[in-house]
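Because only heavy atoms are used, hydrogens play no part in the values below, and waters and symmetry mates are left out as well, while side chains stay in. None of the values given here were measured: they were computed from a predicted structure. Note that the numbering runs from 1 along the sequence shown for the chain.
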Amino acid sequence: KLPGGGIEEGEDHETALRRECEEEIGCDVEVLGEIGMLVEYRKMFTLTQRSYCYLARVKGSKGVPHLEAGEIEDGFKEVWLTYDDAERAMTESVATNPEGLLYIVPRDTLLLREAKKHLG
């Protein structure tokens, strides 16, 4: 799963992105540009989710993530990969629940492929 999360009240998209990166990967990031927005209709949850997607670069040194209890229980951890390794890992990943299989893996695979178009 790529870093991400909700936008809190009073935040703009880039502020939310920087906060989520600090929480999930322990890093301050510089936003390089917008990749786009993805809309998911999650029928099994009767939910419409919008994901605002950005390309960013780590500023400074890598820090320590500040994961929430549920993320720790779910086995979340930060993993640093090259782009090619990240794309391969996502493509080869096997989701362990319907949400991952139907929504998260396809979404994040698409986002990685779109991000590649913005890389130099």
Side-chain angles (χ1 to χ4, degrees):
K1 181 177 176 304
L2 297 173
I7 300 170
E8 294 180 358
E9 189 171 335
E11 284 185 324
D12 60 32
H13 295 173
E14 289 189 22
T15 301
L17 170 68
R18 289 193 306 274
R19 177 184 47 75
E20 287 291 347
C21 286
E22 178 65 38
E23 290 173 5
E24 294 188 4
I25 60 173
C27 296
D28 186 17
V29 296
E30 172 188 3
V31 180
L32 301 176
E34 185 175 351
I35 294 172
M37 181 186 68
L38 183 81
V39 179
E40 297 173 85
Y41 302 100
R42 295 186 176 198
K43 184 177 180 179
M44 69 185 297
F45 301 111
T46 59
L47 169 76
T48 299
Q49 177 171 308
R50 287 172 180 76
S51 296
Y52 301 91
C53 311
Y54 295 86
L55 189 62
R57 172 181 22 230
V58 172
K59 287 173 44 177
S61 60
K62 296 175 184 171
V64 177
H66 309 286
L67 300 175
E68 296 175 1
E71 293 170 326
I72 294 168
E73 289 171 16
D74 288 343
F76 283 30
K77 62 181 179 177
E78 84 281 9
V79 177
W80 295 94
L81 303 169
T82 65
Y83 174 83
D84 289 335
D85 288 343
E87 185 178 36
R88 186 173 19 267
M90 191 62 67
T91 302
E92 295 173 356
S93 68
V94 178
T96 57
N97 61 48
E99 182 179 23
L101 177 67
L102 297 172
Y103 304 111
I104 295 172
V105 171
R107 177 198 64 208
D108 286 2
T109 300
L110 174 64
L111 294 177
L112 280 172
R113 290 184 178 146
E114 286 300 311
K116 187 173 190 174
K117 296 176 186 177
H118 297 268
L119 298 173

How many angstroms lie between [atom1] in [X] and [atom2] in [Y], if you round to the nearest 0.5 Å?
X: Tyr54; Y: Arg18; atom1: OH; atom2: CZ; value: 10.5 Å
X: Leu32; Y: Leu119; atom1: CG; atom2: CG; value: 9.5 Å
X: Ile104; Y: Thr96; atom1: CD1; atom2: OG1; value: 9.0 Å
X: Lys116; Y: His118; atom1: NZ; atom2: NE2; value: 13.5 Å
X: Leu2; Y: Asp108; atom1: CG; atom2: CG; value: 4.0 Å
X: Asp85; Y: Glu92; atom1: CG; atom2: CD; value: 9.5 Å

Verify the cluster assignment for [X] and [Y]: are they in a single hydrophobic cluster under the rule of side-chain heavy atoms below 4.5 Å apart?
X: Leu17; Y: Met37; value: yes
X: Val94; Y: Tyr103; value: no
X: Leu47; Y: Leu102; value: yes
X: Ile35; Y: Val105; value: yes

Using a 4.5 Å cut-off on heavy atoms from C-beta on, say whether the side chain of [Y] contacts that of [X].
X: Glu68; Y: Phe76; result: no
X: His13; Y: Ile7; result: yes
X: Asp12; Y: Tyr52; result: no
X: Glu40; Y: Ser51; result: yes
X: Tyr83; Y: Leu112; result: yes
X: Thr91; Y: Arg113; result: yes
X: Gln49; Y: Val39; result: no
X: Ile25; Y: Pro65; result: no

Work out which heavy atom in [X] is nearest to a heavy atom in [Y]; give both atom names and the distance.
X: Ser93; Y: Met90; answer: OG-O, 2.9 Å
X: Val29; Y: Ala56; answer: CB-CB, 4.0 Å
X: Ala95; Y: Gly100; answer: CB-C, 3.3 Å
X: Gly63; Y: Cys27; answer: N-SG, 3.9 Å
X: Gly6; Y: Ala16; answer: O-CB, 4.2 Å

Is the backbone of [Y] close enough, under 3.5 Å, to the side chain of [X] for a donor and an acceptor to pair up by distance?
X: Glu78; Y: Glu24; value: no
X: Asp28; Y: Lys59; value: no
X: Thr15; Y: Glu11; value: no

Ion pair Glu99/Arg42, N-O distance below 4.0 Å: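 Looking at Glu99 and Arg42, the cut-off is met.
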
Test: Arg19 and Glu8 ion pair at under 4.0 Å: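 Counted as a salt bridge, because a side-chain N and a carboxylate O are separated by less than 4.0 Å.
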
